[in-house]
Engineer: 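A single structure is presented below for examination.
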Amino acid sequence: MRYANLLIPTLREVPSDAEAISHVLMVRAGYIRQLAAGLYIYLPLALRVMRKINAILREEMNALGAQEIALPALHPAEIWQETGRWYEIGDEMFRLKDRTGRDMCLGMTHEEIMTWLAAREIRSYRELPQVWYQIQTKLRDEARPKSGVLRTREFLMKDSYSFDADEEGLEKSYRRHAEAYHRIFSRCGLDFFMVESDPGMMGGGMSHEFMAPSPAGEDEVAICDACGYAANVELALSDPKRNEPVAWQVEEVYTPGKRTVQEVSQFLGIEPRYFIKSLLVISDSGPVLALVRGDQELHEKKLARIIGKHRPAHKDEIRSALGVDAGFIGPMEQKVRVIADTCLQEGTYVSGANRQDYHVKGIVPGRDFTAEWHDITLAREGDFCVKCNAPIRIQRVIEVGNIFKLGTKYSVPLKAMYLDEKGQERPLVMGSYGIGPARIAAAAIEQNHDDDGIVWPRAIAPFDVEILALNMNDPKTRDLAEAFYRDLRAKGIEVLVDDRDARAGVKFKDADLIGIPTQVILGEKNLKDGLVEVKDRKTKEVKKVEAESVVAYLLTLFS
RNA sequence: CGGGGCGUAGCGCAGCCUGGUAAAGCGCACCUGCCUUGGGAGCAGGGGGUCGGAGGUUCAAAUCCUCUCGCCCCGACCA
């Protein structure tokens, strides 16, 4: 296409409301514009990138036998009421009424609708498995849209759903999706890995996420480079560095006004990792005392998986449940439910004495108190892998895709049944699988850019080649640009020709900014010798090529 | 939803604290002309603003006060 006619509004300055690199560059390079919080306009270049990504998604989904269909984005409430999610999901769901007063919502995901369809159209085990997908808009009233296109209120998603006769079939569908996802993200040029994750509101059993490392990400994963263990920190297991054994007698110590682990630790000259931190939370079924080692942090989500929804207790609740003020709580002789982190099973500790201004030294878990043992702490850099004992690292990542084993969570309430070989009615066993194409684009920028702008991976670049006709007033330059443009397109290469009547510097700057992987530079000096330059955006290497052989040379780059 | 920040021309900002100079300013972008064409040129001329909105205080408000809307960041939340 011709630059002079295209809407590519590049900006010389950094937009004031953008922070993440991908956000800054997408705005600066003229890919997107913001309409409102979490709502973006995709300009021509961005749309081309999305189309490239979607084409890869379609190829890989079709290759695993998935069938593309299209579901509405506007849903009747009843279906969501049948699965209960109408009530479980809060403000994140856009809700509205139609003209007759009927409750409706905008689709934030499509398990319900896909299952509704399956309930009507799948009858027999002979039809299984089925895999259906769409690439369609999702709407979520996010509490906090952020980082440009990384977290928005309206976004495109490739979502697929598998329907199998049994767990064994689901296992196969799940594995095939995982493999397809590996191919998709590889083809898109991403650095990524698959981690274990928390199924969250999707319910069901196992789930994995596909994560692209980037400081702009919202998630953190724990990774063991030695054995390959990788999990979202929401559920990652790890062993903290062990305490050296100490031989303390049980002894009450006076700690006037010292409440936090830090204060008591300094006061007594004992490291925080020899403390038991006691935190009272209020769950739906009453108060629960959570115990973690003094140098560690309680992970709310891990605790929530054991005791359900909860919140920190207020001061008066602590006093009435435990009979002591916060800061001096200890696990000994407590009437409330006690959940302790597994690492506390060994060692000797200091904790609150359940008496104002006193702590107790020499606490031995198991002997001095009992508890339910669970992993409830946050995995940290330098902890040890539970599988191979090597040190783990924590990596910030962008979630670009996820896969869930749903089981019969949706098929049972929505009565999506089939008849098996014996004529028995059984619920379909389902999986669901999502990919956010915009996140792929943003992650690609996060992972591939330099000070001058974007460096697109070839497979998802908006164009294959940009021709920079440096001086459009030079007839030779103009004619050659036109000839290359024509010849390259004839070979199926997507070309952007910068035919603007602008100075060379402007064209160089814009070309680097928008990040098309290969630049063909037509300058008068080299043309005198019959040469043009082919520049690699990533390496900045320039190769001078005879004008006649440029097309052939470029073709070798794309093969 | 809690905490913080910001709304002045298309973009980036100054002015506000301490109200008034004359005419709301600067850089970039934009329009016209000349000139220029290998890393965001130069000269000359020009267009574009209800200072986010509403109310108030005052002889006088971009500036002070109240309310409100919007956007960004941190946290909570997040298929």
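Every chain is numbered from 1, with letters handed out A, B, ... down the list of sequences.
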Engineer: Has the side chain of A:R28 got a donor or acceptor that lies under 3.5 Å from a partner of the other kind on the base of B:rG40?
Structural biologist: yes

Engineer: Do the ring planes of A:F210 and A:F185 sit parallel (below 30°), tilted (30 to 60°) or perpendicular (above 60°)?
Structural biologist: tilted

Engineer: Mind checking A:K138 for me? I need base, sugar-phosphate or nothing, with any heavy atom below 4.0 Å counting as a touch.
Structural biologist: nothing

Engineer: Would you indicate, yes or no, if B:rA41 has its OP1 or OP2 atom less than 4.0 angstrom from a side-chain nitrogen or oxygen of A:R503?
Structural biologist: yes

Engineer: Looking at A:K540, I'd like to know if its NZ atom is crowded, meaning that more than 12 non-hydrogen atoms belonging to other residues, nucleotides or ligands lie closer than 6.0 Å.
Structural biologist: yes

Engineer: Are A:E142 and A:T152 close enough that some pair of their side-chain heavy atoms sits under 4.5 Å apart?
Structural biologist: no

Engineer: For RNA chain B, which residues of residues 472-481 of chain A approach it to below 4.0 angstrom with any heavy atom?
Structural biologist: A:N473

Engineer: Relative to each other, are the rings of A:W456 and A:Y31 parallel, tilted or perpendicular (30° and 60° limits)?
Structural biologist: tilted

Engineer: Tell me whether the count of non-hydrogen atoms from other residues, nucleotides or ligands lying under 6.0 Å of CG in A:D91 goes above 12.
Structural biologist: no

Engineer: Can you tell me the base-pairing partner of B:rG25? Count Watson-Crick or G-U wobble geometry only, both distances below 3.5 Å, and say none if there is no partner.
Structural biologist: B:rC13

Engineer: Which nucleotide wins on minimum distance to the side chain of A:A36, given the candidates B:rC71, B:rG40, B:rG39?
Structural biologist: B:rC71

Engineer: Other residues, nucleotides and ligands only: do more than 12 of their heavy atoms fall within 6.0 Å of CD on A:Q81?
Structural biologist: yes

Engineer: Look through every strand shown and name the nucleotide pairing with B:rA62 as Watson-Crick or G-U wobble, where both distances are under 3.5 Å.
Structural biologist: none

Engineer: Roughly, in whole Å, what's the span from CD in A:E88 to C1' in B:rC77?
Structural biologist: 16 Å

Engineer: Does B:rG45 pair with anything, Watson-Crick or G-U wobble, both distances under 3.5 Å, and if so, with which nucleotide?
Structural biologist: B:rC31

Engineer: Quick one, give me the B/S/- string for nucleotides 3-15 of chain B, reading 5' to 3', where B means a protein heavy atom under 4.0 Å from the base and S means that only happens at the primed atoms, P, OP1 or OP2.
Structural biologist: --------BSS--

Engineer: Could a donor-acceptor pair under 3.5 angstrom be found where the side chain of A:K535 meets the base of B:rG39?
Structural biologist: yes

Engineer: Need one value for A:F155: base, sugar-phosphate or nothing, where a base atom within 4.0 Å counts as base even if backbone is also close, heavy atoms only.
Structural biologist: base

Engineer: Could you check how far CG of A:L7 sits from P of B:rC30, rounded to whole Å?
Structural biologist: 14 Å

Engineer: Is there a donor N/O on one and an acceptor N/O on the other, under 3.5 Å, for the side chain of A:N471 and the base of B:rG38?
Structural biologist: no

Engineer: Regarding A:K507, tell me which of base, sugar-phosphate or nothing describes its non-hydrogen contacts under 4.0 Å with the strands shown.
Structural biologist: nothing

Engineer: Which part of the nucleic acid, if any, lies within reach of A:A502 when heavy atoms closer than 4.0 Å are counted: base, sugar-phosphate only, or nothing?
Structural biologist: base

Engineer: To the side chain of A:R144, which of B:rC73, B:rG40, B:rG39 is closest?
Structural biologist: B:rC73

Engineer: If you take all heavy atoms of A:P462 and A:L45, which pair is closest and at what distance?
Structural biologist: CB-O, 3.7 Å

Engineer: From A:I339 CD1 over to A:S283 OG, what is the distance, rounded to the nearest 0.5 angstrom?
Structural biologist: 9.0 Å

Engineer: Starting at the 5' end of RNA chain B and moving along, which residue's nearest nucleotide shows up first, A:K301 or A:G505?
Structural biologist: A:G505

Engineer: Which value, rounded to the nearest 0.5 Å, describes the distance between A:Y174 atom OH and A:Y433 atom OH?
Structural biologist: 8.0 Å

Engineer: Closest approach to the side chain of A:Q34, judged atom by atom: which nucleotide of B:rC77, B:rC71, B:rG40 is it?
Structural biologist: B:rC71

Engineer: Between A:R396 and A:E220, does at least one N-O distance fall below 4.0 Å, as a salt bridge requires?
Structural biologist: yes

Engineer: Which sits closer to the 5' end of RNA chain B, A:D219 or A:N526, going by the nucleotide each is nearest to?
Structural biologist: A:N526

